[in-house]
Amino acid sequence: MADTTLMDKLVSLCKRRGFIFQSSEIYGGLGSVWDYGPLGVELKRNVKDRWWNSMVHARDDIEGLDAAILMHPKVWEASGHVSGFSDPLIDCRQCKNRFRADDPRIKGTPGQPDAQCPVCGTRGSLTEPRMFNLMFKTFMGPVEESAAVIYLRPETAQGIYVNYLNVLQGSRQRVPFGIAQIGKAFRNEITPGNFIFRTREFEQMEMQFFVKPGTDTEWFERWREIRMGWHHALGLTPARLRWHQHAGNELAHYARAAYDIEYEFPFGWNEIEGIHNRGDFDLGRHQEYSGKKLEYFDQAANERYLPNVVETSAGADRVTLTVLADAYREETVEGETRVVLGFHPALAPIKAAVLPLVKKDGMPELATEVYHGLRREFTCFYDDSGAIGRRYRRMDEAGTPFSVTIDGETLTARTVTVRHRDSMQQDRVALDQLAAFVRDRIRATDAA
Ligand code: ATP
């Protein structure tokens, strides 16, 4: 069942602690556009870095790319987005609101007198469904005319298809190989919502893997396994991850097979990543629309062919929301509620807090020294205000896995306490071993 209270708590924690703010809030906000604050930007960056490391740096057969958001308008004709990237929508003639045709709040048959607007309640005011394109349009150059129309990309994938030969030549890769990209995408979603789950501006982490026709099914299965493994390695609760196979009627006309990785959010099971076997649809269309040969020449076999594409397409914001929702927990400790974001240490925005026990006896000075030392390697936070218990709680809410306290013994014996976020247990660690201690623990959770 949908747990709206949990979402409300998460949204409010995200704002209070500087993870995520509504865009242009002082002007009343902009619908379904969000800004990442100091902690949020670190968290999302860690998600993206993990993806990039595993897809690009850890593999010899994938190259990175950063294509522009603006592309030649023909790209979107070739990709099918101009004609097909649309949702059926219903308007209310009375209150001017717009709804997706599958909006469960609509009662009756739109276009008929019995249909009732879910917002203003008027009967008979709803139009029949009409197709509405989800791409944002703008104009290139000084003249606002139809010849100057271009689009904000609704997905990053097309930048990869149109550059596939450039990358192939420049990198000396051979099929099978992949191209990976992280970047912004824009969709004029009609029913956005659920915080950063469905937004109008978002970031995608996409990888297109080019394979020899006939080997696509095998690669598709391989990529399914790798991608599910990646989500598990983020430390997400395994029971909240599952596969959803696209049935025949859900399958895009060009897709040979498609699976979504779904996560059980407080508002129900929803897609976080799609893995698609797209055959030669994309390269075939770009070859046709551009008039440029996009075939691959396999020297060893002395044959030419248009590669097939296996795509893995994840949303950086959706994965960030998944990580936040999965990490959120409340516990009762000594009669008080403790709110914890139990992030995987590698994802935590702040890895270690440095806290002088009291603001005297040279402790702040030594703590500052320790802070500057640790900061060379880890994101750190220095805090000397308030009772130590309160400072620990603040770090629990920020998801900081280690809190390092500088106390009397630090001054005499050069040791600190390291308090662990999840168990709240404390270890006494020699100051000169501190960085190694934190490093080893982060590594250990990654290997687990
Ligand atoms: P949905 O059905 O949820 O709209 P989709 O099937 O249209 O998603 P794709 O086009 O396959 O999504 O995009 C790949 C990934 O990009 C999704 O799995 C999701 O993580 C992310 N994504 C797509 N649309 C949005 C959006 N409006 N806001 C945030 N992330 C998005």
Side-chain angles (χ1 to χ4, degrees), residues 20 22-23 30-36 40 44 47-48 51 55 69 76 79-81 84-89 100-103 132-136 151-161 180-208 220 223-224 227-228 230-231 234 236 241-247 249-265 267-278 281-282 309-325:
I20 298 163
Q22 199 181 5
S23 161
L30 183 65
S32 286
V33 185
W34 298 88
D35 299 339
Y36 288 79
K44 188 174 164 190
V47 166
K48 290 188 288 183
W51 187 88
M55 296 300 257
I69 288 170
W76 306 110
S79 69
H81 283 84
F85 192 55
S86 42
D87 275 346
L89 293 186
R100 267 167 74 135
D102 59 1
D103 192 320
F132 174 83
N133 197 291
L134 299 183
M135 281 197 293
F136 279 98
Y151 302 95
L152 300 188
R153 68 181 175 197
E155 61 174 32
T156 58
Q158 300 304 324
I160 290 180
Y161 296 128
Q181 169 163 234
I182 298 177
K184 290 266 186 177
F186 303 82
R187 295 182 189 178
N188 199 1
E189 300 274 8
I190 299 314
T191 45
N194 285 326
F195 197 28
I196 54 168
F197 176 79
R198 190 186 304 285
T199 54
R200 296 194 166 106
E201 174 178 342
F202 55 98
E203 257 181 300
Q204 288 188 312
M205 308 185 288
E206 293 200 299
M207 192 281 300
Q208 267 60 41
F220 179 65
W223 275 111
R224 277 184 55 201
R227 292 308 305 149
M228 186 58 110
W230 184 81
H231 289 279
L234 296 180
L236 301 175
L241 286 166
R242 74 175 185 194
W243 286 109
H244 166 74
Q245 181 178 11
H246 284 219
N249 57 349
E250 273 177 280
L251 218 50
H253 61 281
Y254 49 78
R256 292 189 182 156
Y259 277 83
D260 294 338
I261 295 176
E262 292 189 336
Y263 178 79
E264 190 180 21
F265 288 98
F267 46 88
W269 286 98
N270 276 286
E271 169 184 344
I272 51 176
E273 170 159 355
I275 293 115
H276 311 126
N277 180 350
R278 300 177 63 103
F281 173 80
D282 307 277
V309 169
V310 174
E311 163 182 80
T312 72
S313 174
D317 311 84
R318 268 195 207 174
V319 175
T320 303
L321 179 62
T322 310
V323 167
L324 278 164

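Whatever order the structure lists ligands and atoms in, that order sets their numbers, starting from 1. All values derive from a computational prediction rather than experimental measurement. Hydrogens, waters and symmetry mates play no part in the numbers below; they use all other heavy atoms, side chains included.
- Annotation: cation-pi geometry not satisfied between Arg200 and Phe186 (NZ/CZ under 6.0 angstrom from ring centroid, within 45° of ring axis).
- In terms of protein heavy-atom proximity, atom 21 (C) of ligand 1 is nearest to Gly315 CA, 3.8 Å.
- Across every non-hydrogen atom of Trp230 and Val47, the tightest pair is CZ2-O, 3.8 Å.
- Summarising the geometry, atom OG1 belonging to Thr322 is positioned 8.0 Å from atom CD1 belonging to Ile196; distances are rounded to the nearest 0.5 Å.
- Here Glu273 has backbone heavy atoms under 4.0 Å from ligand 1, and that is the only part of it that gets that close.
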Q | ring pair (Phe, Tyr, Trp, His ring centres under 6.0 Å) between Tyr263 and Phe265, worked out | A | CA-CA 6 Å; Tyr263 178 79; Phe265 288 98; 5.0 Å; yes
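- In this structure, the protein non-hydrogen atom closest to atom 23 (C) of ligand 1 is Arg187 NH1, 3.5 Å.
- The nearest protein atom to atom 28 (N) of ligand 1, hydrogens excluded, is given as Thr199 N, 3.0 Å; this is a heavy-atom distance.
- The distance from ligand 1 to the heavy atoms of Ser313 drops below 4.0 Å at these ligand atoms: 13 (O), 14 (C), 15 (C), 18 (O).
- Among the atoms of Ile272, some N or O lies under 3.5 angstrom from an N or O of ligand 1.
- Among protein heavy atoms, the minimum distance from atom 16 (O) of ligand 1 is reached at Gln204 NE2, 3.2 Å.
- Near Glu189, meaning under 4.0 Å from one of its heavy atoms, ligand 1 places the atoms 24 (N), 26 (C), 27 (N).
- Of the N or O atoms in Ile196, none lie within a sub-3.5 Å distance of an N or O in ligand 1.
- Side-chain contact annotation: Tyr161 with Arg278, donor-acceptor N/O pair under 3.5 Å present.
- In this pair, Phe197 and Phe267 present their aromatic rings perpendicular. The plane angle is above 60°, beyond the 30 to 60° band.
- The protein atom (non-hydrogen) at minimum distance from atom 18 (O) of ligand 1 is Glu271 OE2, 2.6 Å.
- Of the N or O atoms in Arg198, one or more lie within a sub-3.5 Å distance of an N or O in ligand 1.
- With hydrogens left out, the protein atom closest to atom 22 (N) of ligand 1 is Phe202 CE1, 3.6 Å, a heavy atom.
- For Phe85 against Pro154, the heavy-atom pair with the smallest separation is CE2-CB, 3.6 Å.
- Considering backbone and side-chain N/O of His276, none are found under 3.5 Å from N/O of ligand 1.
- Distance from atom 29 (C) of ligand 1 to its nearest protein heavy atom, with residue and atom name: Phe197 O, 3.2 Å.
- Although no hydrogens or angles enter the test, the distance criterion places no donor-acceptor pair under 3.5 Å between the side chain of Gln208 and the main chain of Ile160.
- Rounded to the nearest 0.5 angstrom, Tyr151 OH and Asn133 CG are separated by 7.0 Å.
- Closest to atom 19 (C) of ligand 1 among all protein heavy atoms lies Arg318 NH1, 3.4 Å.
- The two atoms that bring Ala157 and Glu206 nearest to each other are N-OE1, 2.7 Å, heavy atoms only.
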